[in-house]
K.L.:
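Handing you this structure, nothing more for now.
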Number of protein chains: 2
Amino acid sequence: MAQDDVYPVSLACGDCPIQHRAVCARCDSEELVELEKIKYYRSFEAGQTVIWAGDQMDFVASVVSGIATLTQTLEDGRTQMVGLLLPSDFVGRPGRARAAYNVTATTDILMCCFRKKPFEEMMDRTPHIAQRLLQMTLDELDAAREWMLLLGRKTAREKIASLLSIVARRDASVNMSTAAARMTFDLPLTREAMADYLGLTLETVSRQMSALKRDGVIELQGKRHVTVPDMDRLLLEAGDDSDGGFLV
Amino acid sequence: MAQDDVYPVSLACGDCPIQHRAVCARCDSEELVELEKIKYYRSFEAGQTVIWAGDQMDFVASVVSGIATLTQTLEDGRTQMVGLLLPSDFVGRPGRARAAYNVTATTDILMCCFRKKPFEEMMDRTPHIAQRLLQMTLDELDAAREWMLLLGRKTAREKIASLLSIVARRDASVNMSTAAARMTFDLPLTREAMADYLGLTLETVSRQMSALKRDGVIELQGKRHVTVPDMDRLLLEAGDDSDGGFLV
DNA sequence: GAAAGGGCTTGATCTGAGTCAAATTCTGTT
DNA sequence: AACAGAATTTGACTCAGATCAAGCCCTTTC
């Protein structure tokens, strides 16, 4: 994906069919053109820390390609992942200066950045941007709260099933397919990262993955490729009554 | 508190010394006057459900007095509190129609409401409101993420200590006192509500409260009045390295 | 002031997930 | 193809917190 083909569309538009990806030709609005003028790119390798908690943040950014994680840490090293940054997701905030969590690249990533000052000035001129940013933040807040339910009240098995169904759903929306009964996807996380996300240990994650496999809920090809023979069964295991609505 | 004395200041202003309370005379700005024109009030008794998950939301609102909780529930009844609504806190969102969680009054509450349509029109005219709302939402997101760390990685004792220090801090900011070493405050939650907030059972909450009392970290007068002889000790028990920054 | 009921505490026991340790599979490299 | 190192799985054991079950302490009510 060449840099110059990329637009940070999620900031300008919430209605694109491929809204969770970075490129959308339909979005060539005025705001987008303005955003284009003040953007610049930074790339990071897998494993690199993009932002340290406590860092002075003089920019905001949106992920163009790759995956990064938001994590919080206790002094003694216990860590909890608090968010996943996927292409088109936004990080940083206007105003206040210090980062509240670490952002680490899981794969090689490319980020589309805006220095804070011009970005804020632009927000003042085009209310649409602030409103879109508000929408996105509210969605993230809903997702965070759904995650709180998972962390506080679900069993290890339910947690794993929930995570798998979220990754599957995201994958489905990328592929634009309707939610098929049977589907296959890649797990972009190590067992350790899954554990940090779910508030478990990696051993427990591994055991529950094996259990789900033994019970026929999932099939594994290698460690990272997952096939779900029956999506409804997986959702049942996840314990969500609603039809989902997780956002990742 | 007479209704007519009340302004939903948090929407108009983020800089008031009493920003987490509802009344601020300094805030008589133009936006505030506009907000005044479209507001109306609703009150609820303790125990009443203000909003059901899935409800059509045709209004947004800000708490004037009293306390309400946001909760999410699994089919089988397991519940997780995902937020606390205190005076000046905001609930609801422009755009999208359905509520994602239950809102229940803990005490009698008074809410300052705005029908969605006029509120959105106003947001279009005064970008300041959208930006302020964005700030508030980002603060809530940070708080939610800090809570995820608590739910995923802290021990029962640390969870209790964290909750106490949050309530204490909020109380301190209300009383405008500097963080004193020794302080006394009211716990506005039952043991069961604390359990739902912390992802524990009420028995465990009770046991840990007793343990903290036995160890001299807190003193209890009755069930709801807490004295913390040494705030630093409590913060140490909470396991947070940082100087806090929780928002409730 | 007796009874009733809700909130809270305490005890005994159980269990799901953590811990520690070892074996296994996968990956890339020479 | 053999090796090295990391990621993952599996096993044995432990323990923090859940569950089940009384009992206690306040209010409220008659």
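Chain letters run A, B, ... following the sequence lines, proteins first and then strands; every chain starts at 1.
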K.L.:
Would you indicate, yes or no, if C/dC8 has its OP1 or OP2 atom less than 4.0 angstrom from a side-chain nitrogen or oxygen of B/Arg224?
P.N.:
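It does, given that an N or O in the side chain of B/Arg224 lies less than 4.0 Å from OP1 or OP2 of C/dC8.
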K.L.:
Take atom CD1 of A/Ile160 and atom P of C/dG16, then tell me their distance rounded to the nearest Å.
P.N.:
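The distance from CD1 of A/Ile160 to P of C/dG16 comes to 16 Å, rounded to the nearest Å.
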K.L.:
Looking at C/dC8, D/dT19, C/dG18, which one has an atom nearest to any side-chain atom of B/Glu203?
P.N.:
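Selected nucleotide: D/dT19.
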K.L.:
With a cut-off of under 6.0 Å to the ring centre and 45° to the axis, is B/Arg169 in cation-pi contact with B/Phe185?
P.N.:
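Ring-cation test returns no.
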K.L.:
If you look at every strand shown and take non-hydrogen atoms under 4.0 Å, does A/Ser206 touch a base, only sugar-phosphate, or nothing?
P.N.:
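Here A/Ser206 touches the bases of the nucleic acid.
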K.L.:
Between A/Lys223 and A/Ala156, who's closer to the 5' end of DNA chain C by nearest nucleotide?
P.N.:
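Looking at DNA chain C, the more 5' nearest nucleotide goes with A/Ala156.
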K.L.:
Identify whether any heavy atom of A/Arg157 sits under 4.0 Å from a base atom; if not, whether one sits that close to sugar-phosphate; answer base, sugar-phosphate or nothing.
P.N.:
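Here A/Arg157 touches no strand at all.
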K.L.:
Could you state the CG-P distance from A/Asp76 to C/dT19, rounded to the nearest angstrom?
P.N.:
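Atom CG in A/Asp76 sits about 11 Å away from atom P in C/dT19.
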K.L.:
Give one of base, sugar-phosphate or nothing for B/Ser210, where a contact means two heavy atoms less than 4.0 Å apart.
P.N.:
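Here B/Ser210 touches the backbone only, sparing every base.
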K.L.:
Keeping to residues at least two apart or across chains, list the salt bridge (Lys or Arg N to Asp or Glu O under 4.0 Å) pairs with something in residues 186-207 of chain B.
P.N.:
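Qualifying pairs, neighbours excluded: A/Arg153-B/Asp196.
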K.L.:
Kindly determine whether B/Asp215 and B/Arg233 satisfy salt bridge (charged side-chain N to carboxylate O under 4.0 Å, His left out), including the steps that lead there.
P.N.:
CA-CA 11 Å; B/Asp215 298 346; B/Arg233 172 81 191 283; 5.5 Å; no
K.L.:
Distance only, no hydrogens: is a donor on one side chain within 3.5 Å (strictly under) of an acceptor on the other, for A/Ser165 and A/Ser162?
P.N.:
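No.
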K.L.:
Please give, in whole Å, the distance from D/dT19 C1' to A/Arg153 CZ?
P.N.:
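Distance, rounded to whole Å: 13 Å.
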K.L.:
Classify the side chain of A/Arg191 versus the base of D/dT10 as yes if they form a donor-acceptor pair under 3.5 Å and no if they do not.
P.N.:
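For A/Arg191, whose side chain was compared with the base of D/dT10, there is no donor-acceptor pair (under 3.5 Å).
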K.L.:
Could you state the atom-to-atom distance from CG of A/Leu200 to C1' of C/dT19 in whole Å?
P.N.:
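After rounding, the reported distance stands at 14 Å.
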K.L.:
Taking only the side-chain nitrogens and oxygens of B/Thr190, find out if one of them lies under 4.0 Å from OP1 or OP2 of C/dG7.
P.N.:
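It does not, given that no N or O in the side chain of B/Thr190 lies less than 4.0 Å from OP1 or OP2 of C/dG7.
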K.L.:
Could you check how far NZ of A/Lys159 sits from C1' of C/dG16, rounded to whole Å?
P.N.:
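About 11 Å, once rounded to whole Å.
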K.L.:
Take atom NZ of B/Lys154 and atom C1' of C/dG18, then tell me their distance rounded to the nearest Å.
P.N.:
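To the nearest whole Å, that distance equals 19 Å.
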